[in-house]
*Asks:* 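Take a look at this one; I'll ask things after.
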Amino acid sequence: MWSARLSLPVFLPLSVALVIGFISAGRVSAAETADVSIGLYALGAFPSNQGLSAQGMNPPDTSISNGVGAGIKVAVFPHYFGDIIGIELESFGHGSEITFSSVTSPGSPASTNIWVFNSMVNLICRYPGNALVPYIGIGGGLSDGVLTHANIPGRSDQDFEGSWTFGSQFFGGVQGDLTERLFLFSEYKYFSANYHWKQLALDFRSQYALFGVGLRF
């Protein structure tokens, strides 16, 4: 397993390289064999205030703030499946803050920033309409929960600490065409992953609202 200090600078370049390579491969014969698209989006994150274990105990007043982030996705819908079933690569991330009462120093506040970065592979089913295209999907992949500026009494805090784990999601959304190649999309997503750091663990659950723009090749 890579060290936490290397997780962020390694994760993002690999995700971007994967997406670029996927696009290049798809463009070779996209018009003949598949519908290929790329999308960029902004997101709002709405995590659940549950599932935190700190130093072996479960603080009752855990709060995880809402956050904002961004993502990129590349989808391929083979003509063989009627442009209905497709595979998508996706990379997205956002930041939030975790606050709770210290379990070792009653009355003392504890807090840490958390940055969530995900690289997912999704299976999508869509209805290939003319102007509006609704879709649903499920996915799984690699998730990294990174803690920064941790201030937790009784714990040997680190400036930068990451946790790699498996993440899963389900989602649904709709695309609306602006031109033959350009489209807008909006999406709801539910994501889950379980992170484990030193003397701290979180069953992370979050809802996301996405809005973005895409381009077909």
*Asks:* Nearest heavy-atom pair of Phe77 and Ile84: which atoms, and what distance?
*Replies:* CE2-O, 3.6 Å
*Asks:* Would you kindly say whether Asn118 and Ser143 are connected by a side-chain donor-acceptor distance under 3.5 Å?
*Replies:* yes
*Asks:* Give, for atom CZ of Phe92 and atom NZ of Lys189, the distance between the pair rounded to the nearest 0.5 Å.
*Replies:* 5.0 Å
*Asks:* Would you check if there is a donor-acceptor pair between the side chains of Ser192 and Ser168 at a distance under 3.5 Å?
*Replies:* yes
*Asks:* Following the transitive rule for hydrophobic clusters with a side-chain heavy-atom cut-off under 4.5 Å over Ile, Leu, Val, Met, Phe, Trp and Tyr, establish whether Val133 and Leu182 coincide in one cluster.
*Replies:* no
*Asks:* Spell out, yes or no, whether Leu43 and Val68 are grouped together once hydrophobic residues are joined by side-chain heavy atoms under 4.5 Å, including indirect joins.
*Replies:* no
*Asks:* What's the spacing between Asn113 CG and Asn151 CG if we round to 0.5 Å?
*Replies:* 10.5 Å
*Asks:* To the nearest 0.5 Å, what is the distance between CD1 on Ile124 and CD on Glu90?
*Replies:* 8.0 Å
*Asks:* To the nearest 0.5 Å, tell me how far Ser111 OG sits from Ile98 CD1.
*Replies:* 9.5 Å
*Asks:* Hey, any chance Ile87 and Ile136 share a hydrophobic cluster, counting ILVMFWY side chains that come within less than 4.5 Å of each other, even indirectly?
*Replies:* no
*Asks:* Say whether Tyr80 and Leu123 are linked into one hydrophobic cluster, either directly or through other cluster members, by side-chain heavy-atom distances under 4.5 angstrom.
*Replies:* yes
*Asks:* Assess, by modelled atom type and distance only, whether the side chains of Ser101 and Asp61 contain a donor and an acceptor separated by less than 3.5 Å.
*Replies:* yes
*Asks:* Carefully, step by step, assess Asp177 and Arg216 under the rule side-chain contact (heavy atoms from CB on, under 4.5 Å).
*Replies:* CA-CA 10 Å; Asp177 290 345; Arg216 297 189 185 92; 2.9 Å; yes
*Asks:* Got a sec, which pairs hit ring-ring contact (aromatic ring centres under 6.0 Å, His included) with one end in residues 166-186, sequence neighbours left out?
*Replies:* Phe170-Tyr190
*Asks:* Would you name the heavy atoms of Pro78 and Ile85 that are closest together and state the gap between them?
*Replies:* CD-O, 3.4 Å
*Asks:* Take a 6.0 Å sphere around CD1 of Ile138 and say whether it holds more than 12 heavy atoms from other residues, nucleotides or ligands.
*Replies:* no
*Asks:* List the atom of Ala201, the atom of His196, and the distance in Å for their closest heavy-atom pair.
*Replies:* CB-ND1, 3.6 Å
*Asks:* Who are the ring pair (Phe, Tyr, Trp, His ring centres under 6.0 Å) partners of Trp197, not counting sequence neighbours?
*Replies:* Tyr195
*Asks:* So which residues get pulled into Val174's cluster when ILVMFWY side chains under 4.5 Å apart are joined, directly or through others?
*Replies:* Leu132
*Asks:* Got a donor-acceptor contact below 3.5 angstrom from the Ser96 side chain to the Ser65 backbone?
*Replies:* yes
*Asks:* Any side-chain heavy atom of Leu202 within less than 4.5 Å of one from Thr62?
*Replies:* no
*Asks:* Taking C-beta and beyond as the side chain, do Leu89 and Val121 meet within less than 4.5 Å on heavy atoms?
*Replies:* yes
*Asks:* Heavy atoms only: give me the nearest Ala34-Val76 pair and the separation to one decimal.
*Replies:* CB-CG1, 3.7 Å
*Asks:* Any luck finding a side-chain donor-acceptor pair between Arg205 and Asn194 under 3.5 Å?
*Replies:* yes
*Asks:* If you measure from NZ on Lys73 to CD1 on Ile38, what distance do you get to the nearest 0.5 Å?
*Replies:* 11.5 Å
*Asks:* Could you tell me whether Arg126 and Glu88 have a side-chain N and a carboxylate O separated by less than 4.0 Å?
*Replies:* no
*Asks:* Minimum heavy-atom separation for Phe217 to Ser37, with atom names?
*Replies:* CD1-CA, 4.3 Å
*Asks:* Where do Ile64 and Asn49 come nearest, in terms of heavy atoms and distance?
*Replies:* N-OD1, 2.6 Å
*Asks:* Using 30° and 60° as the class limits, which term best fits the ring planes of Tyr208 and Phe191: parallel, tilted or perpendicular?
*Replies:* perpendicular
*Asks:* So, taking the atom named NE2 in His94 and the one named CH2 in Trp115, what distance separates them when rounded to the nearest 0.5 Å?
*Replies:* 10.0 Å
